[in-house]
Peer 1: 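After the structure tokens below, expect a handful of questions from me.
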Amino acid sequence: MSLKLYNTMTRQKEEFQPRENGKVAMYVCGPTTYNYFHAGNARMFVVFDMIRRYFTYKGYDVRYVQNFTDVDDKIIQRGHVEGMDPLALGQKYIEEYFKDAKALNLLPATIHPKATEHIPEMIKIIQGLIDTGLGYAVDGDVYFAVDQFPNYGKLSGRTLEDMKAGARVEVDERKRHPMDFALWKKAKPGEPAWESPWGEGRPGWHIECTAMSLKYLGAGFDIHGGGEDLAFPHHENEIAQTEGYLKGNTFARYWMHNAFLTINQEKMSKSLGNFFTIRELLVNSPGEVIRFYLLGTHYRSPLDFNDQNLIMAQKGLERLQTSVRLAQEAMKREGSSKKEGSHEELLKAAKEARKAFEKAMDDDFNSALAYAALFELAKTMNANVQEDPVPSHGLAEAQKTLLELGDVLGFDLLHPAQIQVENDEILTEVMDAVMQIRSKSRQKKDWEMADFIRDVLKEKGIVIEDTPQGARWQIKK
RNA sequence: GGCGGCAUAGCCAAGUGGUAAGGCAGAGGUCUGCAAAACCUCUAUUCCUCAGUUCAAAUCUGAGUGCCGCCUCCA
């Protein structure tokens, strides 16, 4: 039952050993809130949400911290463009984040700290770095001296020499080393600013994660995650400043990075402008479909985004939802099968699905492989659901397992829309009447009328299906 | 220039030494007044190319080709 995960730091899969028995402390880099988040960001959120859920399933008490970068150059720039106070803009998109997160069924983090609420903690760390010679102030800016930190580059597997050779950026003359990065930025007039020992300014990008992760998780916490583009420079710099501040103690024990979402094989990014926000995608696709699509590929493989893939995901998810629906309908029917064989087959299938599911997820969270376990179970359920009488006992267990495992991946296979319909008394009564009328037509072999009713309702998004046990209907958008 | 990743059926996608999961699409069949759903059967002698290691390779090694990412803000 051991769980293996790929650690970017060591470039191999390692057995997960928590810092503290039975507990997992993880920090995931959250969004910079200057816009709605896009599908690429969503992949990261969904992947780590899935990881978090699986740890919980395994019995760990998970403390999950995801920050909001609510002050930074892009927010200031965007605020300027929109004629809005940058800090207010940052808050606005924090609120919008939660709307989209809900649609994707992302669990709220244990703590969602904001950069702007942790300035004093950051100043303290920066001061500590200056005191030990790892940081230096120049004209109101403060930089981290990378050549004073022995293992700079250990996460991304490069050396200062490598980077010097490949430097593509104009070097700020005031820096002691070209790769030195900002811990504190002096404010220009009109920019959001906080008082500090070096004058008015704002924190550099990396320092917030150091301050907030140390505050809420403490040194040497278990997992630090993010998109693979964060490995360098963001996480590299976090390691340097944090372990420098901690006098060499380990910052985080496992580093996890998800691969990108691509569009036409190219990285989807705000910089390239080739992105879709989740808000836009939600107009045509339910959040659960987007989620199903995002987890259908292992998190460390690139995933190409297009409409066809989204449609395939929708069909796949519907298959699982249909299976649950069929099982529920079957169990409502009278009687229970005497045939032990069906019970046995279902119980065995449930057991094997769980086993295969766990095996897949234990191997570096292979959600794509875990899907196969769900589909196999659904297939066995479907094959037994038509039996009359119904093997209720085995079916109930199988359905329970399918729902539970689906939930671990963040899918509600009970199909919320359907539940809503069932709670709508008027709709249910009207539909009962319509179904009776159609049933009469069919008894009189008035196929024209029966088909007409079916066609009209289909246009309204209500699908009627005739079965040996009678007709049934469901909402399908 | 430095560092790293990927290449599996029409499409998506698992599989890292033992003889190709799963999904979507497609074909045939069962059921059905028809339709839908579901079920059954079929759909990669083969995993970018070439060479090598091995009893055995999609999996390991080397060379090559193609695509992508990081090195600058980026999930």
Side-chain angles (χ1 to χ4, degrees), chain A residues 8 11 13 28-32 34 37-48 72-74 77 153 156-159 161-170 179 205 225-234 236 257-262 264-272 275 292-293 296-298 300-304 306 308-320 322-323 325-326 356 360 363 366-376 378-386 442 445-448 450-451 454-455 458 463-468 471-472 474 476:
Chain A
T8 308
R11 288 165 201 281
K13 283 184 200 171
V28 175
C29 291
T32 298
Y34 67 99
F37 64 82
H38 63 63
N41 301 28
R43 183 177 194 194
M44 193 216 86
F45 300 142
V46 167
V47 160
F48 285 98
D72 108 311
D73 294 358
K74 297 224 153 175
Q77 195 187 355
S156 52
R158 52 190 100 190
T159 64
E161 295 309 310
D162 291 340
M163 290 182 269
K164 215 179 221 168
R168 304 196 322 223
V169 202
E170 275 185 53
M179 297 308 295
W205 176 32
E228 69 178 346
D229 54 350
L230 293 187
F232 191 91
H234 185 233
E236 197 70 73
H257 296 94
N258 64 282
F260 294 125
L261 193 67
T262 59
N264 295 324
Q265 319 296 342
E266 270 193 332
K267 175 183 175 182
M268 175 186 288
S269 79
K270 290 180 183 173
S271 315
L272 293 175
F275 66 91
F292 193 82
Y293 153 72
T297 298
H298 183 83
R300 283 191 292 113
S301 296
L303 173 56
D304 202 50
N306 61 55
Q308 196 206 347
N309 292 352
L310 216 46
I311 290 167
M312 292 198 299
Q314 174 148 12
K315 295 279 179 63
L317 179 60
E318 275 173 9
R319 183 174 169 79
L320 297 178
T322 297
S323 191
R325 184 166 56 87
L326 293 178
D363 186 12
N366 195 336
S367 54
L369 185 56
Y371 276 19
L374 301 185
F375 282 113
E376 299 273 14
K379 185 172 214 159
T380 306
M381 285 166 62
N382 290 344
N384 284 287
V385 96
Q386 285 153 330
R442 293 189 73 220
K445 298 204 188 298
D446 182 356
W447 309 127
E448 201 182 327
D451 291 350
R454 190 171 61 198
D455 291 345
K458 190 174 183 184
V463 176
I464 293 178
E465 295 169 358
D466 295 309
T467 76
R472 61 166 173 248
Q474 63 162 319
K476 205 165 197 173

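Chain letters run A, B, ... following the sequence lines, proteins first and then strands; every chain starts at 1.
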Peer 1: For B:rC39 and A:Arg319 - does any side-chain N or O of the residue sit under 4.0 Å from the phosphate oxygens OP1/OP2?
Peer 2: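 For B:rC39, OP1 or OP2 has a side-chain N or O of A:Arg319 closer than 4.0 Å.
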Peer 1: Which whole number of Å gives the distance between the C1' atom of B:rA58 and that of B:rC6?
Peer 2: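 Nearest-Å result for B:rA58 against B:rC6 at atom C1': 14 Å.
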Peer 1: Measure CG/A:Leu326 against P/B:rA37 and give the value in whole Å, please.
Peer 2: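 So the CG-P distance, A:Leu326 to B:rA37, works out to 11 Å.
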Peer 1: Base, sugar-phosphate alone, or nothing: which one does A:Gly40 contact when heavy atoms must sit under 4.0 Å apart?
Peer 2: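 Answer is base: heavy atoms of A:Gly40 come under 4.0 Å of a base.
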Peer 1: Over all strands shown, is A:Asn309 touching base, sugar-phosphate only, or nothing at heavy-atom distances under 4.0 angstrom?
Peer 2: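 If one applies the 4.0 Å heavy-atom cut-off, A:Asn309 turns out to touch the sugar-phosphate alone, with no base involved.
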Peer 1: Taking the side chain of A:Gln265 as its heavy atoms from C-beta onward, which of B:rC68, B:rA38, B:rC71 lies nearest to it?
Peer 2: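 The closest nucleotide is B:rC68.
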Peer 1: Are A:Asp455 and A:Lys458 close enough for a salt bridge, meaning some N to O gap below 4.0 Å?
Peer 2: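 Salt bridge absent between A:Asp455 and A:Lys458.
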Peer 1: Please state how far atom CG in A:Leu320 lies from atom C1' in B:rC24, giving the value in whole angstrom units.
Peer 2: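 The distance from CG of A:Leu320 to C1' of B:rC24 comes to 13 Å, rounded to the nearest Å.
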Peer 1: Find out whether A:Asn382 and A:Lys379 are in side-chain contact, i.e. whether some heavy atom of one side chain is under 4.5 Å from a heavy atom of the other.
Peer 2: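 When only atoms from C-beta onward are counted, A:Lys379 and A:Asn382 do not touch, as no gap falls below 4.5 Å.
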Peer 1: Please state whether the base of B:rA35 and the side chain of A:Arg454 form at least one donor-acceptor pair under 3.5 Å?
Peer 2: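 Checked by distance alone, the answer is yes.
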Peer 1: Can you tell if the side chain of A:Met268 reaches within under 4.5 Å of the side chain of A:Phe260, non-hydrogen atoms only?
Peer 2: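 Contact flag for A:Met268/A:Phe260 side chains = no.
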Peer 1: From CZ of A:Phe232 over to C1' of B:rA75, roughly how many Å is that when rounded to an integer?
Peer 2: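 Atom-to-atom, A:Phe232 to B:rA75, this comes out as 17 Å.
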Peer 1: Look at the side chain of A:Thr322 and decide which nucleotide, out of B:rA38, B:rA35, B:rA14, has an atom nearest to it.
Peer 2: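 Per side-chain heavy atoms of A:Thr322, the pick is B:rA38.
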Peer 1: So A:Arg43 and A:Thr297, do their side chains get closer than 4.5 Å, heavy atoms only?
Peer 2: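 Yes - at least one pair of side-chain heavy atoms lies under 4.5 Å apart.
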Peer 1: Taking the minimum atom-to-atom distance to the side chain of A:Thr297, which one of B:rC39, B:rG23, B:rA13 wins?
Peer 2: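 Closest nucleotide to the A:Thr297 side chain: B:rA13.
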Peer 1: Once you round to the nearest 0.5 Å, how far does CG of A:Asp363 lie from CG of A:Leu369?
Peer 2: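 Taking CG in A:Asp363 and CG in A:Leu369, the distance rounds to 8.0 Å.
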Peer 1: So A:Ala373, base contact, sugar-phosphate only, or nothing? Heavy-atom distance under 4.0 Å.
Peer 2: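 Here A:Ala373 touches no strand at all.
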Peer 1: Hey, which sits more toward the 5' end of RNA chain B by its nearest nucleotide, A:Thr32 or A:Asp304?
Peer 2: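 Its nucleotide being nearer the 5' end, the pick is A:Asp304.
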Peer 1: On a whole-Å scale, what distance lies between the C1' atoms belonging to B:rA63 and B:rC70?
Peer 2: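 Approximately 25 Å lies between the C1' atom of B:rA63 and that of B:rC70.
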Peer 1: What's the closest nucleotide to the side chain of A:Glu465 if the choices are B:rC73, B:rA37, B:rG69?
Peer 2: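 Nearest listed nucleotide: B:rA37.
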Peer 1: Should B:rA25 form a Watson-Crick or G-U wobble pair with both distances under 3.5 Å, which nucleotide is its partner?
Peer 2: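 Its partner: none found.
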Peer 1: Students often get this wrong, so: under 4.0 angstrom with heavy atoms, is A:Lys379 touching a base, only sugar-phosphate, or nothing?
Peer 2: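 A:Lys379: backbone/sugar contact only, no base atoms under 4.0 Å.
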Peer 1: From CZ of A:Arg158 over to C1' of B:rG4, roughly how many Å is that when rounded to an integer?
Peer 2: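 Rounded to the whole Å, the gap is 8 Å.
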Peer 1: Could you tell me the separation between the CG atom of A:Asp455 and the C1' atom of B:rA36, rounded to a whole number of Å?
Peer 2: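 Those two atoms, CG and C1', are 12 Å apart.
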Peer 1: Would you indicate what A:Phe260 reaches in the nucleic acid, counting non-hydrogen atoms under 4.0 angstrom: base, sugar-phosphate, or nothing?
Peer 2: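 Base: the residue A:Phe260, judged by heavy atoms under 4.0 Å, touches a nucleobase.
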Peer 1: Should B:rC6 form a Watson-Crick or G-U wobble pair with both distances under 3.5 Å, which nucleotide is its partner?
Peer 2: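 Partner of B:rC6: B:rG66.
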Peer 1: Does any donor-acceptor pair link the side chain of A:Asp466 with the base of B:rC34 at a separation under 3.5 Å?
Peer 2: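 In this structure, the two groups form a donor-acceptor pair.
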Peer 1: A:Glu376 or A:Ala39: which one's nearest nucleotide on RNA chain B is closer to the 5' end?
Peer 2: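 Looking at the nearest nucleotide for each, A:Glu376 comes out on the 5' side.
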Peer 1: How many whole angstroms separate atom CZ of A:Arg325 from atom P of B:rA36?
Peer 2: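 So the two atoms are 15 Å apart, to the nearest Å.
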Peer 1: Taking the side chain as everything from C-beta on, heavy atoms only, tell me whether A:Val46 gets closer than 4.5 Å to A:Tyr293.
Peer 2: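 Side-chain contact under 4.5 Å: no.
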Peer 1: Salt bridge (Lys or Arg N to Asp or Glu O under 4.0 Å) with A:Glu266: which residues, sequence neighbours excluded?
Peer 2: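 With sequence neighbours excluded, A:Glu266 shows a salt bridge (Lys or Arg N to Asp or Glu O under 4.0 Å) to no residue whatsoever.
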Peer 1: For B:rC39 versus B:rA25, give the span between their P atoms, rounded off to a whole number of Å.
Peer 2: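 These two P atoms come out 12 Å apart once rounded.
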Peer 1: Touch check for A:Leu261, heavy atoms < 4.0 angstrom, all strands: base, sugar-phosphate only, or nothing?
Peer 2: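 A:Leu261: base contact, heavy atoms under 4.0 Å.
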Peer 1: Please determine, for the side chain of A:Asp451, which listed nucleotide (B:rC34, B:rA38, B:rA75) has the closest atom?
Peer 2: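 The nucleotide sitting nearest to the side chain is B:rC34.
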Peer 1: Considering only the P atoms, how many Å lie between B:rA13 and B:rC48, rounded to the nearest integer?
Peer 2: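 Nearest-Å result for B:rA13 against B:rC48 at atom P: 14 Å.
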Peer 1: Would you check if A:Lys445 and A:Trp447 make a side-chain contact, meaning some heavy-atom pair closer than 4.5 Å?
Peer 2: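 When only atoms from C-beta onward are counted, A:Trp447 and A:Lys445 do touch, with a gap below 4.5 Å.
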Peer 1: Which one is paired to B:rG1, where only Watson-Crick or G-U wobble pairs with both distances under 3.5 angstrom count?
Peer 2: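 Per the H-bond distance test, B:rC71.
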Peer 1: Expressed as a whole number of angstroms, how long is the span from A:Met312:CE to B:rC11:P?
Peer 2: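 In whole Å, B:rC11 P lies 10 Å from A:Met312 CE.
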Peer 1: To the nearest Å, give me how far apart CE (A:Met179) and P (B:rC70) are.
Peer 2: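 To the nearest whole Å, that distance equals 15 Å.
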Peer 1: OP1, OP2 of B:rC68 versus side-chain N and O of A:Thr262: anything below 4.0 Å?
Peer 2: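 For B:rC68, OP1/OP2 do not have a side-chain N/O of A:Thr262 under 4.0 Å.
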Peer 1: Determine the interatomic distance between C1' on B:rA20 and the same-named atom on B:rG52; round to the nearest Å.
Peer 2: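 Looking at atom C1' only, B:rA20 and B:rG52 are 23 Å apart.
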Peer 1: For B:rC34, give the paired nucleotide (Watson-Crick: N1-N3 plus N6-O4 or O6-N4; G-U: N1-O2 and O6-N3; both under 3.5 Å), or none.
Peer 2: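 Check on B:rC34: unpaired, no WC or wobble geometry under 3.5 Å.
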Peer 1: Expressed as a whole number of Å, how far does the C1' atom of B:rG15 sit from that of B:rC3?
Peer 2: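 Pairwise C1' distance, B:rG15 against B:rC3, rounds to 28 Å.
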Peer 1: Just to be sure I understand the rule, does A:His298 reach a base, reach only the sugar-phosphate, or reach nothing, if contact means heavy atoms closer than 4.0 Å?
Peer 2: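 Sugar-phosphate contact only - A:His298 comes under 4.0 Å of backbone atoms but never of a base.
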Peer 1: Take atom C1' in B:rC47 and the same atom in B:rA9, then report the distance between them in whole Å.
Peer 2: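 Pairwise C1' distance, B:rC47 against B:rA9, rounds to 10 Å.
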Peer 1: For the side chain of A:Lys267, counting heavy atoms from C-beta on, which of B:rA14, B:rA75, B:rC24 is nearest?
Peer 2: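 Side chain of A:Lys267 sits closest to B:rA75.
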Peer 1: By nearest atom, which of the nucleotides B:rG22, B:rA14, B:rG33 is closest to the A:Ser301 side chain?
Peer 2: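 Of the options given, the side chain of A:Ser301 lies nearest B:rA14.
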Peer 1: Check for me: is A:Phe45 stacked on B:rA75 by the 5.5 Å centroid and 30° plane-angle rule?
Peer 2: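 So A:Phe45 does not count as stacking on the base.
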Peer 1: When all nucleic acid strands are considered with a 4.0 Å heavy-atom cut-off, which category describes A:Leu369: base, sugar-phosphate, or nothing?
Peer 2: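 Since a base atom lies under 4.0 Å of A:Leu369, the category is base.
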Peer 1: Please give the nucleotide sitting opposite B:rC60 as a Watson-Crick or G-U wobble pair, both distances under 3.5 Å, or none.
Peer 2: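 Across all strands, the one nucleotide that pairs with B:rC60 is B:rG52.
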Peer 1: Determine the Euclidean distance between corresponding C1' atoms of B:rA56 and B:rG1; express it in Å to zero decimal places.
Peer 2: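 Going atom to atom, C1' in each nucleotide, I get 42 Å.
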Peer 1: Taking only side-chain N and O atoms of A:Asn382, does any of them lie within less than 4.0 angstrom of OP1 or OP2 on B:rA38?
Peer 2: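 For B:rA38, OP1/OP2 do not have a side-chain N/O of A:Asn382 under 4.0 Å.
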Peer 1: Using both distances under 3.5 Å as the test, list the Watson-Crick or G-U wobble partner of B:rU43, or none.
Peer 2: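 Pairing partner: none.
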Peer 1: Using a heavy-atom cut-off of 4.0 Å across all strands, would you classify A:Lys315 as base, sugar-phosphate, or nothing?
Peer 2: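 Sugar-phosphate contact only - A:Lys315 comes under 4.0 Å of backbone atoms but never of a base.
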Peer 1: Using a cut-off of 4.0 Å on non-hydrogen atoms, how would the nucleic acid contact of A:Ile464 be classed: base, sugar-phosphate, or nothing?
Peer 2: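 Since a base atom lies under 4.0 Å of A:Ile464, the category is base.
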Peer 1: Any donor-acceptor pair, under 3.5 Å, between the side chain of A:Arg442 and the base of B:rG33, if you only look at N and O atoms?
Peer 2: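 Pair found.
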Peer 1: Taking the six-membered ring for Trp, are A:Phe292 and A:Phe375 parallel (under 30°), tilted (30 to 60°) or perpendicular (over 60°)?
Peer 2: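 A:Phe292 and A:Phe375: perpendicular rings.
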Peer 1: If I compare all heavy atoms of A:Gly30 with all of A:Phe45, which pair ends up nearest, and what's the gap?
Peer 2: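 Smallest heavy-atom distance, with atoms named: CA-CE2, 4.3 Å.
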